[in-house]
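Heads up: the structure comes next, in structure tokens.
Values in this document were obtained by computation on a predicted structure and should not be read as measured data.
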Protein chains: 2
Amino acid sequence: MIMGIDMFTDSAVIRRPVVITASGRHGSRCDDCEARHSGMCDALSDEDLSLLSRSAQHVAVAAGTLFIEEGDQSPYFYNITHGNVRVFRLLPDGRRHITGFMSGGQFLGLAETGTYAFNAEAMDEVHLCRFNRVALNGLFSEFPALERRLLNISAHELTAAHEQMLLLARKTAAERIASYLVNLALRHEGCVNGMLPAAALALDLPVSRSDLADYLGLTIETVSRSFANLKKTGLIDFHNAHAVTLLKPRQLAAVGNGAA
Amino acid sequence: MIMGIDMFTDSAVIRRPVVITASGRHGSRCDDCEARHSGMCDALSDEDLSLLSRSAQHVAVAAGTLFIEEGDQSPYFYNITHGNVRVFRLLPDGRRHITGFMSGGQFLGLAETGTYAFNAEAMDEVHLCRFNRVALNGLFSEFPALERRLLNISAHELTAAHEQMLLLARKTAAERIASYLVNLALRHEGCVNGMLPAAALALDLPVSRSDLADYLGLTIETVSRSFANLKKTGLIDFHNAHAVTLLKPRQLAAVGNGAA
DNA sequence: CGTGACATTGACTAGTATCAACCAAAGTGG
DNA sequence: CCACTTTGGTTGATACTAGTCAATGTCACG
């Protein structure tokens with residue numbers, strides 16, 4: 001190990017995935033991991049988790065790194081423990097679709113057989129827990145709760161994917177933007193029970209217009225114009241591209257749901 | 001039980017799901033079920049399967065029946081044993097997106113918590129194996145191979161959903177049609193190893209233009225015109241709407257993959 | 001032979017993409 | 001510290017794909 005214990009906070013960026021440790025500082029420190037209580041890890045007890053972590057390698061990748069590339073051999077299953085990841089697919093002429101944005105607690109590469117079917121890029125500094133795929137079935141047998149949880153999450157991701165397919169297949173540009181903003185609000189702004197507040201709600205948009213366009217199946221220009229239109233109609237407001245206020249969250253949700 | 005043993009072959013169509021038996025003719029006859037060697041059932045031994053079947057109800061629905069409706073209570077998890085199902089979502093003004101077409105061996109309703117998030121409609125006479133959701137976790141513990149298999153299938157369905165998202169987000173009408181035709185060819189026409197033949201290949205399209213449009217995020221007119229264009233360019237041929245010949249399967253695949 | 005469901009084709013429209021200019025904020029280097 | 005460049009975003013003019021509306025064609029069925 002060349003990198004020291006401070007690697008995660010080191011200011012030098014690492015352009016390729018770097019194994020931090022297989023059993024060192026982080027190998028037995030799941031208990032203070034950011035992702036301890038989300039995603040697959042939340043399914044296990046502290047004891048089981050520390051057993052599990054012996055099968056994991058801890059990896060850090062610098063912002064901008066493409067750490068999974070479509071067509072590559074896929075020996076690893078990843079669990080994200082820190083940072084944000086852009087998952088996307090490309091057509092030969094460069095058209096891009098962003099499948100999703102993933103962050104702490106979410107996993108990557110469960111379905112892969114042989115080669116990855118997608119690309120994954122670190123949007124900021126990303127830390128990953130990495131498992132050898134061939135060992136996965138053994139781990140499932142050892143930790144049934146893990147498998148149960150993964151099934152649960154996969155099933156819900158499938159539902160979310162179907163929702164996004166509806167958006168891509170049938171919603172207008174404005175409806176797509178509205179859907180996105182409302183989902184963002186529901187995820188982040190402590191809107192627990194799935195209810196939106198009636199009052200205005202400030203949001204920080206975590207992605208660029210370009211990422212948003214490729215996520216919603218639009219162009220950056222159309223995204224920009226749709227934002228402008230929603231502002232003109234009084235549903236949202238913003239002074240810069242990343243600080244948006246939902247002025248009428250529930251009306252916006254109605255737009256996003258395609259209310260006739 | 002009102003319906004007799006011949007119910008499945010009865011010419012009278014049943015408009016609502018009808019329980020055939022919980023432990024009668026079909027309850028212990030998994031071994032000659034159409035879906036015995038596909039989907040989740042293929043994961044189990046004959047003995048385990050016959051144990052599992054005691055937790056199932058067997059249900060038949062007539063062609064055209066909407067047997068799962070978005071928003072309904074979702075007490076059941078379904079396994080399709082016969083026939084074809086159209087799974088779709090609607091926007092309030094009637095815009096429809098067909099999530100997928102499902103048939104023997106595929107399952108429905110795994111992710112649901114409380115209410116269904118989709119609609120399911122029988123495209124022909126459909127037979128289903130139905131499980132109470134609250135009993136599912138118990139079944140998973142009893143038959144770990146079942147859970148393993150469901151996780152596997154779910155993960156692959158997720159990959160397929162991402163592929164379809166790429167299509168909906170970024171492909172042109174002609175590319176969507178080409179993709180659909182090629183996938184159909186790969187699934188049905190004994191193209192085992194995932195290889196397309198270089199030679200012409202006759203296909204029977206199992207869906208209407210309207211279903212195809214709603215599956216591919218297009219209108220029926222655009223579907224029709226795209227077929228006409230592919231015919232004009234010599235990639236396919238057809239005399240009626242459901243009997244299509246792929247004249248140059250590999251070139252068609254290139255179109256479907258968005259080759260520049 | 002008439003009817004209805006499904007499909008095709010044409011004319012026109014609309015929504016989004018494309019191309020291009022411009023703008024603002026954030027580096028970068030002398 | 002200030003010109004210069006770079007990056008990301010907005011706005012406008014125009015093009016084009018796919019949608020809409022409407023007419024016509026085809027086939028199965030009573």
Test of ring centre spacing under 6.0 Å for A:Phe88 and A:Phe118: no
Of the nucleotides C:dT8, C:dT18, D:dT10, which has the atom closest to the A:Glu221 side chain? C:dT18
Rounded to the nearest angstrom, tell me the gap between atom CG in B:Leu216 and atom P in D:dA18. 12 Å
A:Phe238 vs A:Arg170, nearer the 5' end of DNA chain D by closest nucleotide: A:Phe238
What is the separation between atom CZ on B:Arg176 and atom C1' on D:dG19, rounded to the nearest whole Å? 13 Å
Rounded distance (Å) that lies between atom C1' of D:dG9 and atom CG of A:Asn229: 16 Å
Nearest nucleotide by nearest heavy atom, which residue falls closer to the 5' end of DNA chain D, A:Ala241 or B:Thr172? A:Ala241
Please check if the side chain of B:Ser224 supplies one atom and the backbone of B:Ile220 the other of a donor-acceptor pair under 3.5 Å. no
Test item: B:Gln251 side-chain N/O and B:Lys248 main-chain N/O as donor-acceptor pair under 3.5 Å: no
Can you figure out which of C:dT9, D:dT10, C:dA7 approaches the side chain of B:Ala228 most closely? C:dT9
Check the distance between C:dA20's P and A:Ile220's CD1 and give it to me in whole angstrom. 14 Å
Distance check: side-chain N/O of B:His242 vs OP1/OP2 of D:dC27, anything under 4.0 Å? no
Could you check how far NZ of A:Lys171 sits from P of C:dT16, rounded to whole Å? 14 Å
Checking C:dT9, C:dA7, D:dT11 against the side chain of A:Arg225 (C-beta onward), the nearest is D:dT11
Using ring pair (Phe, Tyr, Trp, His ring centres under 6.0 Å), reason through A:Tyr78 and A:Phe107 one step at a time and then give a plain yes or no. CA-CA 5 Å; A:Tyr78 290 97; A:Phe107 54 80; over 10 Å; no
Under-4.0 Å salt bridge between A:Arg96 and A:Asp211: yes
Does a side-chain N or O from B:Ser224 land closer than 4.0 Å to OP1 or OP2 of C:dT8, or not? yes
So, is A:Ser208 near the phosphate of D:dG8, with a side-chain N or O under 4.0 Å from OP1 or OP2? no
Quick one: B:Leu230 CG to C:dT8 C1', roughly how many Å, whole number? 15 Å
What's the CZ-P distance between B:Arg95 and D:dA18, to the nearest Å? 18 Å
Classify the nucleic acid contact of A:His239 as base, sugar-phosphate or nothing, counting any heavy atom under 4.0 Å across all strands shown. nothing
Among the nucleotides D:dA18, C:dA17, C:dT8, which one has an atom lying closest to any side-chain atom of A:Thr219? C:dA17
